[in-house]
Undergrad: 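Sharing a structure here in structure tokens format.
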Amino acid sequence: MKRSNEHKVVLFDPIRSINSGQVFLWKNVNGSWYGINGKEVLKFTVIKKPTINNKKIIATNEVEYQSFPKNELWENFFFRLNDDHEEVYKALSKDEIIYKIYQKYNGLRILRQDPFQCIITFVCASNTNVKRIRHMLTNISKKFGTKIIFDGLEFYLFPNAKELSNASINELTSCGLGYRAKFVKSVASDIESKMLNFEEIKRKYYFDSRKELVKLKGIGNKTADCILLFAFEKLDAFPIDVWIYRSLLENYYWLFDDIKKYLSKNKPTNNQYNIIGSRVREYFGEYAGYVQQYLYYHVRETSRRTW
DNA sequence: GTACAGGCAGTAT
DNA sequence: ATACTGCCTGTA
């Protein structure tokens, strides 16, 4: 689909990005946003919103960034400001459906998260809701993380693999993890014992990396895709939760015409998950992960939310 | 009370 | 390969 240059608005909206279901340990205090990312507390303050007129940026937004410990230009890394956003734009302009969604939520970015925290986050995220995920992660930080003071406020950093692998199942259960407690412990131990090598996961291609991840207890296809997209540089990872699944069948039914009669109504089987994933990757290309995030945000925004 | 939520693993077919 | 079930716990 061709688009004239005047529509090429590359916006960046940090608030929308952190509230799009990728991270769960951010909060607004006195007008600034604070978030736990591994062993850092990240902070940003929106000084001035961007000025947009007729879909053109007149003046870009002004955001102030700080962190504890001090990490210069963390925003470039965390918000992926140096991704090839021209190419991302191309993926998000593939057809009218996604282009409309892109325009509506322009500025939403994929976040580059601390790998260990990201893994634990999405192991905890199975079969539950945002509110409870936040509850579980907050409890884990408080119980096993280091307390620090930043801006006169109390924060608990996220524990690393070593700190968390020492936790007992009972302690984890008391964080509200339920049946996920044993998964978190096992995953933390596997990472601590280097059974899962982060550098290797980053280096390998999407499908090979995912094979490694799903070997761990508590990580299936969907969870692995979230981890790969948000922490391991796999921008072609395309997590398919029940929402995305239903949305794809509804809006992109023509991509699955030949197999439609075999597809389950609400939840894909592993095999269906893989087929659908490879087709959307084929269709949207190497930045399919960005498409997923926009699509996901859109379905959540347009459905009744309880968070 | 009961259904269900941003899945996974284990078992049976 | 698919179908079905149980799982913790909070919320509607």
Side-chain angles (χ1 to χ4, degrees), chain A residues 17-26 105 108 110-111 113 117-140 143 167-188 190 196 210-231 237-250 256 259-278 280 289 291-307:
Chain A
S17 303
I18 61 163
N19 287 326
S20 66
Q22 303 178 58
V23 290
F24 303 89
L25 288 177
W26 283 78
Y105 308 112
L108 172 60
I110 301 285
L111 306 176
Q113 303 181 34
Q117 181 177 334
C118 184
I119 290 171
I120 299 304
T121 296
F122 288 96
V123 168
C124 289
S126 83
N127 198 20
T128 186
N129 51 48
V130 170
K131 196 169 180 182
R132 193 169 161 213
I133 298 168
R134 190 171 290 140
H135 185 232
M136 293 187 269
L137 295 174
T138 304
N139 289 342
I140 289 175
K143 207 172 178 76
S168 70
I169 298 288
N170 276 344
E171 286 175 309
L172 290 168
T173 305
S174 75
C175 291
L177 299 201
Y179 67 89
R180 304 162 194 81
K182 58 180 181 296
F183 295 145
V184 165
K185 181 162 175 60
S186 140
V187 163
D190 288 344
L196 187 77
R210 200 182 72 169
K211 263 194 221 162
E212 294 299 315
L213 275 177
V214 297
K215 284 178 187 168
L216 304 194
K217 296 290 176 195
I219 300 183
N221 283 339
K222 191 268 176 185
T223 302
D225 278 341
C226 288
I227 294 167
L228 291 169
L229 178 60
F230 301 140
F238 195 102
I240 304 168
D241 64 9
V242 289
W243 296 91
I244 291 287
Y245 183 69
R246 290 192 285 253
S247 172
L248 286 175
L249 293 197
E250 192 187 326
F256 318 108
I259 51 168
K260 206 179 176 188
K261 56 176 176 285
Y262 305 111
L263 296 176
S264 320
K265 188 166 177 284
N266 290 316
K267 223 184 265 189
T269 65
N270 261 347
N271 193 37
Q272 293 166 354
Y273 187 104
N274 290 334
I275 295 170
I276 292 175
S278 56
V280 289
V291 172
Q292 188 275 352
Q293 199 55 32
Y294 273 80
L295 204 53
Y296 176 76
Y297 189 70
H298 176 67
V299 245
R300 298 309 314 228
E301 282 295 305
T302 51
S303 72
R304 206 167 49 82
R305 291 185 303 169
T306 56
W307 37 296

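In what follows, chains carry the letters A, B, and so on, assigned in the order in which the sequence lines appear, proteins first and then strands, with residues in each chain numbered from 1. Computation of the quantities below employed the complete heavy-atom set of this structure, encompassing side-chain atoms and omitting hydrogens, waters and symmetry-equivalent molecules.
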Undergrad: Look at the side chain of Y179(A) and the base of dG6(C), then say whether one donor and one acceptor between them are separated by less than 3.5 Å.
TA: no
Undergrad: CD of Q113(A) to CG of L229(A): how many Å apart, nearest 0.5 Å?
TA: 9.0 Å
Undergrad: Looking at side-chain heavy atoms only, is the closest gap between Q292(A) and D225(A) below 4.5 Å?
TA: no
Undergrad: For dT13(B), which nucleotide in any strand shown is its Watson-Crick or wobble partner with both distances under 3.5 Å?
TA: dA1(C)
Undergrad: Side chains of L216(A) and S186(A): closer than 4.5 Å at any heavy-atom pair?
TA: no
Undergrad: Report the nucleotide, chosen from dC8(C), dT2(C), dG6(B), that has the shortest atom-to-atom distance to any side-chain atom of N271(A).
TA: dT2(C)
Undergrad: Between T128(A) and K217(A), which has a closest nucleotide on DNA chain B that is more 5'?
TA: T128(A)
Undergrad: Please give, in whole Å, the distance from dG10(C) P to N139(A) CG?
TA: 10 Å
Undergrad: What does L263(A) touch in the nucleic acid at a heavy-atom separation under 4.0 angstrom: a base, only the sugar-phosphate, or nothing?
TA: nothing
Undergrad: As a test of reading the structure: which of dA3(C), dG6(B), dG10(C) is closest to the side chain of D241(A), going by heavy atoms?
TA: dG6(B)
Undergrad: Establish, with yes or no, whether the OP1 or OP2 oxygen of dC4(B) is under 4.0 angstrom from a side-chain nitrogen or oxygen of N127(A).
TA: no
Undergrad: Does a side-chain N or O of R300(A) approach OP1 or OP2 of dG6(B) to a distance below 4.0 Å, or not?
TA: yes
Undergrad: Using the C1' atom on both, measure dC8(B) against dT11(C) and round to a whole Å.
TA: 22 Å
Undergrad: Look at all strands and tell whether F183(A) reaches a base, only sugar-phosphate, or nothing, counting heavy atoms closer than 4.0 Å.
TA: sugar-phosphate
Undergrad: So, is S126(A) close to the dC8(B) phosphate, meaning a side-chain N or O under 4.0 Å from OP1 or OP2?
TA: no
Undergrad: Students often get this wrong, so: under 4.0 angstrom with heavy atoms, is I244(A) touching a base, only sugar-phosphate, or nothing?
TA: nothing
Undergrad: Is K267(A) side chain donor-acceptor paired with the dG7(B) base, going by distance under 3.5 Å alone?
TA: yes
Undergrad: State the pairing partner of dG6(B); accept Watson-Crick or G-U wobble contacts with both distances under 3.5 Å, and report none otherwise.
TA: none
Undergrad: Below 4.5 Å, heavy atoms only, C-beta onward: do V280(A) and V291(A) meet side chain to side chain?
TA: no
Undergrad: Are any non-hydrogen side-chain atoms of P268(A) and N221(A) less than 4.5 angstrom apart?
TA: no
Undergrad: Of the listed nucleotides (dG6(B), dC8(C), dT2(C)), which one gets closest to any side-chain atom of K182(A)?
TA: dC8(C)
Undergrad: If the P atom of dC8(C) is compared with that of dT11(B), how far apart are they to the nearest Å?
TA: 15 Å
Undergrad: Starting at NE2 of H135(A) and ending at C1' of dA5(B), how long is that distance when rounded to a whole Å?
TA: 16 Å
Undergrad: Considering only atom P, compute the distance from dT2(C) to dG6(B) and round it to an integer number of Å.
TA: 24 Å
Undergrad: Taking the side chain as every heavy atom from C-beta outward, state whether I119(A) and I219(A) have any pair of such atoms under 4.5 Å apart.
TA: yes
Undergrad: Measuring only the C1' atom in each nucleotide, how far is dA3(B) from dC7(C)? A whole number of Å is fine.
TA: 16 Å
Undergrad: Side-chain N or O of T223(A) less than 4.0 angstrom from OP1 or OP2 on dC8(B)?
TA: yes
Undergrad: Within this structure, what is the OH-to-P distance between Y245(A) and dA5(B), rounded to whole angstrom?
TA: 15 Å
Undergrad: Between dG6(B) atom C1' and K222(A) atom NZ, what is the distance in whole Å?
TA: 5 Å
